**Student:** 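To start, I am sharing the structure in question, which I have written as structure tokens.
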Amino acid sequence: GAGVSQTPSNKVTEKGKYVELRCDPISGHTALYWYRQSLGQGPEFLIYFQGTGAADDSGLPNDRFFAVRPEGSVSTLKIQRTERGDSAVYLCASSLDVSNTGELFFGEGSRLTVL
Amino acid sequence: AQSVTQLDSQVPVFEEAPVELRCNYSSSVSVYLFWYVQYPNQGLQLLLKYLSGSTLVKGINGFEAEFNKSQTSFHLRKPSVHISDTAEYFCAVSRGAAGNKLTFGGGTRVLVKP
């Protein structure tokens, strides 16, 4: 498709389980971003990639969260030992490159619910 | 560090009436400013941005925003809203040297009534 694709759109899991969320950016976009949006709040930055490397992971809340982008395209956000507080919508965005200031293209998000 | 405050969490407005959404930011360095819109069941999309130059910025769908450095504000306006403008609007800032790492406000939900 033409836009940023995120799967799954909804994920319900139990506390303590492992979860993977996938993002397929717009073709040709070298920069990829993960944000988290809790209910009633604006998106919060988690991590961004330029190519295959994580250029800034300062927003990851703790070491249970990890993200990869091995081939510079698709990215996976991994959450270990999920907690109820991890429940949120996880947003992925891409841009042509990091100098294309502000032109982020967002996916529809993956809604994670931890019971 | 920078932060963004959207003073109104919800704004009800009648169709064809004007609307203003308020955004204030704090930052110790120069910033770039943005408004994103999220329509129901869709991803966020860029409405407009201020990088430099003219402080009045025009965006898509008839929206405009004015950058006021002395008041550290970037309020969004539309002179006449349509039902289709019902959405959530987010103000965001970034530092140019930080790439496209955006700091978002909490959002303002606009409900346009007929």
Side-chain angles (χ1 to χ4, degrees), chain A residues 1-7 9-10 21 23-26 29-51 53-60 67 88-111, chain B residues 1-10 21-25 29-53 57 59-60 65 67 74 76 87-109:
Chain A
V4 176
S5 175
Q6 292 189 247
T7 56
S9 55
N10 277 286
L21 307 175
C23 173
D24 199 341
I26 293 172
H29 281 193
T30 62
L32 184 146
Y33 308 78
W34 284 100
Y35 286 80
R36 178 169 71 173
Q37 187 173 17
S38 300
L39 193 62
Q41 298 182 23
E44 294 177 288
F45 171 80
L46 296 177
I47 183 172
Y48 88 86
F49 293 85
Q50 177 62 32
D56 185 339
D57 64 357
S58 61
L60 294 177
V89 177
Y90 289 81
L91 302 173
C92 178
S94 68
S95 67
L96 280 172
D97 57 52
V98 293
S99 66
N100 192 19
T101 310
E103 297 278 4
L104 299 191
F105 295 83
F106 283 83
E108 292 183 19
S110 292
R111 182 178 299 278
Chain B
Q2 53 218 28
S3 65
V4 179
T5 302
Q6 292 184 243
L7 296 166
D8 307 296
S9 59
Q10 292 190 68
L21 307 184
R22 296 178 293 169
C23 172
N24 287 88
Y25 68 92
V29 299
S30 294
V31 296
Y32 301 147
L33 296 151
F34 311 88
W35 278 96
Y36 277 80
V37 59
Q38 186 171 32
Y39 298 106
N41 301 314
Q42 295 186 28
L44 288 153
Q45 64 182 82
L46 182 66
L47 202 54
L48 49 78
K49 64 182 179 182
Y50 171 80
L51 303 181
S52 65
V57 179
I60 61 172
F67 169 56
F74 191 54
L76 180 71
E88 187 147 24
Y89 293 79
F90 293 93
C91 183
V93 304
S94 75
R95 292 184 297 132
N100 286 334
K101 179 180 169 182
L102 298 175
T103 300
F104 285 88
T108 298
R109 189 173 297 277

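So that the names make sense, note that chain A is the first sequence line, chain B the second, and so on, each numbered from 1. Treat the numbers as computed from the prediction; the structure is a model and nothing was measured. Below, all heavy atoms of this structure are taken into account, side chains as well, without hydrogens, waters or symmetry copies.
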**Student:** Kindly give the heavy-atom pair with the smallest separation between B:Lys101 and A:Ser58, and that separation in Å.
**Tutor:**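 Looking at all heavy atoms of both residues, the closest pair is NZ-OG, 3.1 Å.
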
**Student:** So, do A:Leu104 and B:Tyr36 sit near enough that their side-chain heavy atoms are less than 4.5 Å apart?
**Tutor:**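 Yes, side chains in contact.
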
**Student:** Identify which part of B:Gln38 has an atom lying under 4.5 Å from any heavy atom of chain A, answering side chain, backbone, both or neither.
**Tutor:**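 Answer is side chain: those atoms of B:Gln38 sit under 4.5 Å from chain A.
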
**Student:** Could you tell me the separation between the OH atom of A:Tyr33 and the CG atom of B:Leu102, rounded to the nearest 0.5 Å?
**Tutor:**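 Atom-to-atom, A:Tyr33:OH and B:Leu102:CG are 7.5 Å apart.
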
**Student:** Among A:Gly42, A:Ala93, A:Gly109, single out the residue with the greatest number of heavy-atom pairs under 4.5 Å to chain B.
**Tutor:**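 Highest number of pairs under 4.5 Å: A:Gly42.
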
**Student:** Please say whether more than 12 non-hydrogen atoms of neighbouring residues, nucleotides or ligands are located less than 6.0 Å from CD1 in B:Ile60.
**Tutor:**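 Yes, because the 6.0 Å sphere around CD1 of B:Ile60 holds more than 12 heavy atoms from other groups.
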
**Student:** Pick one of side chain, backbone, both or neither for A:Gln37, based on which atoms fall under 4.5 Å of a heavy atom in chain B.
**Tutor:**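 Side chain only.
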
**Student:** Heavy atoms only, distances under 4.5 angstrom: which of B:Ser9, B:Ala92, B:Gly106, B:Gly105 has the most pairs with chain A? Name it, please.
**Tutor:**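 Among the listed options, the one with the most contacts to chain A is B:Gly106.
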
**Student:** When rounded to the nearest 0.5 angstrom, what is the spacing between CD in A:Glu108 and CG in B:Asn41?
**Tutor:**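 So the gap between those two atoms works out to 7.5 Å.
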
**Student:** Check whether B:Gln42 gets within reach of chain A through its side chain, its backbone, both or neither, counting any heavy atom under 4.5 Å.
**Tutor:**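 The answer is the backbone of B:Gln42.
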
